[in-house]
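Data block below; observations after.
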Amino acid sequence: MLRRISLWVLFVTLARGGPAAMAQSQIQVGANVLVTKDDAPNNHFEVLGAADPHNPEQLLVCSMVSSMEQGTPWTAAYVSFDSGKNWSKTLEQKGSGEGIAKISSDPACAYGSNGTAYFVALSDSSAEANTIFFRSVNGGKDWSSPVTLFGAWDRPFIAVDATVGQYQGRIYVSHAYIVRNMDTTVSTYNNRFDSASGIALQRSLDGGRTFIGPVARMGLDGVRHENTNPGNSVVLSDGTLVTLFVEGDLVRRRNSFIGDMDGSLKILSSRDGGESYGDAVKVADHFEDRNRNSMSSIPRLAVDPGSPFFKDRLYVVWHDSGPEREEGFVSFSSDKGKSWSRPIKFVDAIASADPADGPDEFQTTVAVNKDGLVGIMWYEGITNPVGGGYWVRFTASVDGGETWLPSIRISEAPNTIGGSEKWPLGGRAVKGDPLTVRLFRQVWQASGDTAGLTADSNGVFHAFWIDNRTGIGQVWTAPITILGNVFKNGARELANLEDVSKEVIVEVRRVSFDPSSNTLSAVLRLKNISAETIAGPFELRILALSSDLCIPQITNAGNGARGNGAILHFSSNHQGAVLKSEEFSMEKEINFKLLDLKSFRSNKKRIGPLVQFDARVFAQGMYSGTQ
């Protein structure tokens with residue numbers, strides 16, 4: 001729950017949730033390595049990656065591939081047995097038909113707990129495409145004959161139950177599903193908006209040799225809603241399967257303008273091993289500008305696999321279409337998906353006083369390592385004189401997604417559009433009288449709908465992306481390590497305290513601004529709204545510091561921090577202080593320097609908060625009585 005304290009001048013909310021951890025750390029990126037050297041003459045796009053949960057040397061990558069002269073794509077898998085230093089192509093899947101049926105697309109890959117590798121892809125490009133599933137008992141070196149699953153009209157994802165519970169080893173394949181008139185017949189693309197769509201889930205109880213299902217969960221309002229687009233799935237420590245999806249609202253889109261809400265991110269949970277889905281839970285509103293379709297990418301879901309502080313915490317990342325650009329967001333759930341935090345931007349905090357400034361952020365993806373460190377990778381758009389492109393960036397959170405480290409560029413060269421790159425080409429003939437023949441350049445700003453990020457069993461992140469530094473789109477990778485100590489509640493001085501944010505509110509008093517020095521100050525007091533007594537010391541930690549008009553920096557934090565993670569000591573000199581029910585704490589002043597302060601008239605939007613932040617409050621604990 002977020003509580004509003006005051007308006008427009010200083011805006012403070014208390015963040016409600018579980019424990020946090022923070023580290024003084026840094027991001028270290030290894031050398032870029034070419035994954036697809038075996039396919040160097042061909043163009044690559046839409047990549048995903050996986051790491052063996054018990055062997056850090058085994059990594060798996062899947063990608064779509066096409067020749068430079070003809071755009072009909074196929075899929076391929078690449079494996080490394082030395083932690084990503086060297087790669088080999090071990091699987092190639094092409095459609096068996098003619099024309100559009102020759103396509104193989106939308107690959108996904110995963111590892112099981114026993115080192116078995118899995119690969120899935122669509123065999124054709126139609127609403128009645130088959131999903132082809134492969135398995136490899138030696139980690140991706142050799143692959144079995146494929147198993148044909150139920151058809152899908154959009155990309156599948158794989159999730160494997162690596163727990164020790166009753167569903168251990170169960171394999172799940174989820175994908176988008178479309179039916180006509182709400183019956184069980186898969187439709188074609190014709191009259192697709194007269195049909196209904198949803199998420200279909202299939203499960204294997206024998207290691208991927210056979211599959212049961214699908215279990216289909218349709219859109220909430222049937223034909224009112226546009227096609228339900230799939231996200232990936234993860235498995236919690238108790239065997240619960242969680243599936244992310246996007247539910248677009250066709251009615252809203254037809255009556256909306258750019259930037260208007262046109263859908264939402266939601267999750268589905270299956271607590272019975274994939275036999276049924278429960279009710280959908282909304283994560284956040286989702287905004288999409290179809291005029292920027294070349295930057296579209298699939299929202300992604302990750303789960304903490306069992307760290308001391310964040311076990312089973314779920315994270316969703318995505319990008320929304322703002323009025324000026326694409327912006328990346330993250331939300332987390334500390335109660336297994338029942339509720340979700342307010343979405344925040346994961347880019348460097350307070351990078352600009354103008355939210356319209358900055359490059360596009362798209363192709364977001366997320367992973368969590370064994371220690372609870374969260375990594376986010378995305379494509380950062382660039383503009384050159386004749387085209388566009390992107391660099392690849394990475395950031396990390398060491399406190400469960402509440403604050404994010406300054407991001408770092410991980411690609412050693414950009415992907416360019418309109419430069420000296422070679423053009424992947426395609427052609428298509430359309431029946432008619434006369435016949436129509438089209439020849440075209442196939443350029444996709446986001447290089448597909450997905451990029452890859454995973455964490456190995458040692459805790460090292462491995463990023464997988466597409467760039468065309470060689471002149472042709474190829475899959476590249478780099479290892480990423482987060483160094484530093486992790487402390488409960490965000491800092492060493494908070495590690496022995498308890499989060500009491502739900503038990504207090506903040507009162508803001510005596511706000512003052514000095515225009516000659518652009519400094520802002522306010523006095524804060526904590527009020528105990530619980531029925532119990534809270535024992536000090538009392539510490540307030542700043543989260544999500546922002547402004548609509550400036551770049552605010554805190555100048556008097558007890559730990560010297562100037563932004564997110566700054567700590568205010570309310571009673572450091574009174575370790576024995578207590579706060580009884582309905583009592584206020586001692587006052588604490590907070591001071592800001594407002595950099596790059598904009599004129600109120602220069603802000604074209606309504607005037608928002610001059611300074612805004614979320615906060616958590618920590619204390620020794622709570623007890624009954626008035627000791």
- Would you sort out whether Ser407 and Thr395 count as a side-chain hydrogen bond (donor to acceptor under 3.5 Å, both in side chains), showing the intermediate values? CA-CA 4 Å; Ser407 66; Thr395 186; 5.8 Å; no

- Item | Test log, rule side-chain contact (heavy atoms from CB on, under 4.5 Å), inputs Val460 and Ile480 | CA-CA 6 Å; Val460 177; Ile480 305 171; 5.9 Å; no

- Could you check if a side-chain atom of Glu498 sits within less than 4.5 angstrom of a side-chain atom of Met622, using non-hydrogen atoms only? no

- Separation between OG of Ser333 and CH2 of Trp340, rounded to the nearest 0.5 Å: 5.0 Å

- Message: Would the distance check show the side chain of Thr364 and the main-chain N or O of Gly328 forming a donor-acceptor pair, the cut-off being under 3.5 Å?
- Response: no

- Message: I want to check something: taking the side chain as every heavy atom from C-beta on, are Asp320 and Phe329 in contact at a cut-off of under 4.5 Å?
- Response: yes

- Item | Leu568 and Glu539, any side-chain heavy atoms less than 4.5 Å apart | no

- Does the pair Val508 and Leu524 meet the rule for a side-chain contact (heavy atoms from CB on, under 4.5 Å), with working shown? CA-CA 5 Å; Val508 180; Leu524 308 180; 3.9 Å; yes

- Spacing of Trp318 atom CH2 and Phe287 atom CZ [to the nearest 0.5 Å]: 10.5 Å

- Message: Angle between ring planes, Tyr379 versus Phe362, binned at 30° and 60°: parallel, tilted or perpendicular?
- Response: perpendicular

- Straight-line distance of Tyr172 OH to Asn232 CG, nearest 0.5 Å: 15.0 Å

- Could you walk me through whether Ser174 and Thr243 pass side-chain hydrogen bond (donor to acceptor under 3.5 Å, both in side chains), step by step? CA-CA 8 Å; Ser174 58; Thr243 299; 4.7 Å; no

- Member of Thr477, Thr454, Asp456 meeting the side-chain hydrogen bond (donor to acceptor under 3.5 Å, both in side chains) criterion with His462: Asp456

- Tell me the salt bridge (charged side-chain N to carboxylate O under 4.0 Å, His left out) pairs involving residues 361-375, sequence neighbours left out? Arg325-Glu361

- Distance in Å, Trp378 CH2 paired with Leu453 CG, rounded so as to fall on 0.5 Å steps: 11.0 Å

- Message: Given 3.5 Å as the limit, does a donor-acceptor pair link the side chain of Asp312 with the main chain of Asp335, or not?
- Response: no

- Item | Any side-chain heavy-atom pair of Val506 and Leu14 under 4.5 Å | yes

- Applying side chain to side chain contact (heavy atoms under 4.5 Å, CB included) to Ser457 and not counting sequence neighbours gives Pro56

- Message: Side chains of Tyr315 and Phe346, heavy atoms from C-beta outward: is any pair under 4.5 Å?
- Response: no

- Any side-chain heavy atom of Val61 sitting closer than 4.5 Å to one from Leu59? no

- Message: Looking at Ile376, is its backbone amide N or carbonyl O close enough to the side chain of Arg393 to form a donor-acceptor pair, meaning the two atoms are under 3.5 Å apart?
- Response: no

- Test applied, salt bridge (Lys or Arg N to Asp or Glu O under 4.0 Å); reference residue, Asp238; option that passes from Arg271, Lys311, Lys336: Lys336

- Task: Output, in order, the C-alpha distance, side-chain angles, deciding distance and verdict of side-chain contact (heavy atoms from CB on, under 4.5 Å) for Leu60 and Cys62.
- Result: CA-CA 7 Å; Leu60 181 63; Cys62 52; over 6 Å; no

- State whether Phe618 and Arg616 meet the cation-pi test: NZ (Lys) or CZ (Arg) under 6.0 Å from the six-membered ring centroid, and within 45° of the perpendicular axis. no

- Task: Report the C-alpha distance between Ser447 and Tyr390 in whole Å, list the side-chain angles of each, state the deciding distance to 0.1 Å, and finish with yes or no for side-chain hydrogen bond (donor to acceptor under 3.5 Å, both in side chains).
- Result: CA-CA 10 Å; Ser447 298; Tyr390 55 80; 2.7 Å; yes

- Item | Matching residue for His319 among Glu327, Glu326, His286 - test: side-chain hydrogen bond (donor to acceptor under 3.5 Å, both in side chains) | Glu326

- So CG of Asp52 and OH of Tyr111: to nearest 0.5 Å the spacing works out to 6.0 Å

- Message: Taking CG in Asn496 as the centre, count heavy atoms belonging to other residues, nucleotides or ligands within less than 6.0 Å. Is the count above 12?
- Response: no

- Below 4.0 angstrom, N of the basic side chain to O of the carboxylate: do Arg541 and Asp399 qualify? yes

- Query: Do the side chain of Arg170 and the main chain of Gly273 share a donor and acceptor less than 3.5 angstrom apart?
  - Reply: yes

- Hey, are Asp285 and Lys282 close enough for a salt bridge, meaning a charged N less than 4.0 Å from a carboxylate O? yes

- Message: Whether Arg313 engages the ring of Phe332 as a cation-pi pair (distance to the six-membered ring centre under 6.0 angstrom, angle to the ring normal within 45°) should be assessed.
- Response: yes

- Report the C-alpha separation of Phe461 and Ile482 in whole Å, then their side-chain angles, then the decisive distance to 0.1 Å, and conclude whether the side-chain contact (heavy atoms from CB on, under 4.5 Å) test is met. CA-CA 9 Å; Phe461 291 91; Ile482 314 300; 4.0 Å; yes

- Query: Just how far is it from atom CG of Leu241 to atom CG of Leu268, taken to the nearest 0.5 Å?
  - Reply: 9.5 Å

